[in-house]
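From a predicted model like this one, the values you see are computed outputs, not experimental measurements. First the proteins, then the strands, lettered A, B, ... as listed; each starts at 1.
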Amino acid sequence: MSALEGLYREIILDHYRSPRNRGELASPPALRVEGFNPLCGDEIVVTVDLQRGILSDIKFSGTGCSISQSSASLMSAAVKGKPVPEVRDLIRTFKSMMSIHESTLPAGPDGVDNPDGSSGDNTEPDVIDVDALGELAALQGVVKFPVRIKCATLSWNTLAQGLDQGDQETA
Amino acid sequence: MAELTDSTSRSGRIEPAEAPNCDSLDVALLRKDFPLLGIEVHGHPICYLDSASSSQRPIAVLDAMRNYEETTHANVHRGVYAIAEEATARFETARMKIGAFIGAPNPGREIVFTKNATEAINLVAGTWGRANLGEGDVVVLTEMEHHANIVPWHMLASERRFTIRWIPIDDRGELILDDLDRLLEGAKLVGVTCMSNVLGTLNPVAEISSAAHGAGALVIADGAQSVPHQVTDVVALGVDFMAFSAHKMLGPTGVGVLWGREAILEELPPFLGGGEMILDVRKDGFTPNDIPWRFEAGTPPITEAIGMGAAVDYLTAVGMDRVRAHEISLSSAALALFEERFGDDLRIFGPREPSARGGVISFAYRDIHPHDISQVLDEYGICVRAGHHCAKPLMRRLGVSATARASFALYNDGSDLVRLADALEHAGAFFG
């Protein structure tokens, strides 16, 4: 698999070409949050309906590259209908996958081994269970392209900001 | 001039100036002067098309800096020992060369070394702006300015409460000057880029300066994109301040220049406080130094200034007329090639006439995001910029969030264009 194919997995291109949950929910009642990537000018709007602790609906709009758009689409599909604490867990797991060095991930099908030959440091608190991420694991190739990590995390950070906002409003 | 001699004898290339003719630039030979252009990226020889962001450095520049570091380094304007005097001489010689390069009437007093063009503009905002701008005043900028010539004025405006007006652009990416007289009413300063870093547009700076002066306003020109690529004559342009950076003109990072009219600089208060910028310091105050050192607090980037001087030598030896002619020829070839290969699939921003633009081509290819284009091009060893190019007001005017941008320098030729077009085709196929 070439580096490019590792980045642009088929599932990513699919979500880029046919994004799920694209659009905007009426706000209010939906929460509406905007996110910006100052590096490349990408903008995203995430709208979410929170009902009795459940993220009952989500839509996103805005402009961005295939990584930011497919990440938003994959995210929307993954969090829709989930209880908010589970969504927060998923955000945490996804962001860990995006922030750690590739060598701390378990060796994948392309056999990524720790370059220093060790089997990984088991005392690391955030060894990621990539399998638990399902389709989202397709985005792990982004870690090899540091500049693109912000593209992948834009929608997730924006959603996290929305959930915090929701907490404040209900507090 | 030792480093210049080295460079010319190495390639035996540089001859007395001749009629502008892009064929007279032997790019294959020139490229040998740039070590970085010999590297491979992802298994391909590098194809560097991002000089508008930062250009590569010839051996002559690297040698001048290394030679200074190895034989002469000491602080400038301080010691009375031999190498300190030599360091000061090389530093001040660089100032004189750079001044001559842009037609400064009195380089020894008018060339101020800064960190980069951005700091040069901030220097004007922090000194002239702070002393002259207040509530009810007007600063006029263009819609195609780089953030470096926008944000310093926003920052000062929030404190001094003056108004910013904007010279709009038309759909070809050229300034609309029909309403200039009205825009200039009450204006104290006009900020204009000589060449857009996104559109490539070369602005009629002399015409704008003349109108601005007629309205009683001064002019600050952003020369970051133009000074590296064509002959610059600050007197003919009629501007009052000009900012530019070394690293876009074959020099190192960490140094730039503010040129200002001597009579204006003389009246300005200091910028940063510290050593070097004073004549006297007492417990009850200080007396600022004469220009240009008044604006150069602390130890300056000596090595880098010397490198910038060597870059100016290199460009002068090649000949700025020839550099410009070469880049017109490249732009012309690029516009024709893109049209032929991609037709309506590729939208080019900015003027269509190669002579109306510098060597910068921003484009949108189908609906593929510039980041994705740039990522695929990287796989083929091709370096282009993708993003908003620090010109977000312009991006909004163009109705895009980002563009891909290929930009040229004297070391690019037609083969770079063909590689770019081939890789773009691959990107098109990849994203379907």
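With chain A as the partner, the residue from B/His389, B/His369, B/Glu379 showing the most heavy-atom pairs under 4.5 Å is B/His369.
B/Ser331 approaches B/Ile361 most closely through the heavy-atom pair O-CD1, 4.2 Å. In this structure, A/Gln165 and A/Leu31 approach most closely via the heavy-atom pair NE2-CD2, 3.9 Å.
Taking 4.0 Å as the cut-off between side-chain N and carboxylate O, A/Arg92 and A/Asp89 count as a salt-bridged pair. Between B/Arg366 and B/Asp344, no side-chain nitrogen of the basic residue sits less than 4.0 Å from a carboxylate oxygen of the acidic one, so the salt-bridge criterion is not met. Taking the charged nitrogens against the carboxylate oxygens, B/Arg397 and B/Asp171 do have a contact shorter than 4.0 Å, which makes a salt bridge.
Residues of residues 16-25 of chain A lying under 4.5 angstrom from chain B, judged on non-hydrogen atoms, are A/Tyr16, A/Arg17 by number. Chain B is approached within less than 4.5 Å, heavy atom to heavy atom, by A/Thr63, A/Gly64, A/Cys65, A/Ser66, A/Ile67 from residues 51-73 of chain A, ordered by number.
When atom types are taken as modelled, the side chain of B/Asp378 and the backbone of B/Ser374 share no donor-acceptor pair closer than 3.5 angstrom.
Using a 4.5 Å cut-off between heavy atoms, B/Arg385 makes no contact with chain A at all. Heavy atoms of B/Val400 lying under 4.5 Å from chain A are absent altogether. Using a 4.5 Å cut-off between heavy atoms, A/Leu4 touches chain B through backbone and side chain atoms alike.
A/Trp156 contributes atom CH2, which lies 6.5 Å from atom CE of A/Met75 (distance to the nearest 0.5 angstrom). A/Asp42 CG to A/Ser155 OG: the interatomic distance, rounded to the nearest 0.5 Å, is 10.5 Å.
B/Thr114 is listed as a side-chain neighbour of B/Leu123, based on a closest heavy-atom distance under 4.5 Å.
Annotation: B/Phe349 is not in aromatic contact with B/Phe363 [ring centroid separation under 6.0 Å not met].
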- Stepwise salt bridge (Lys or Arg N to Asp or Glu O under 4.0 Å) test for B/Lys248 and B/Asp50: CA-CA 10 Å; B/Lys248 293 188 199 293; B/Asp50 197 19; over 6 Å; no

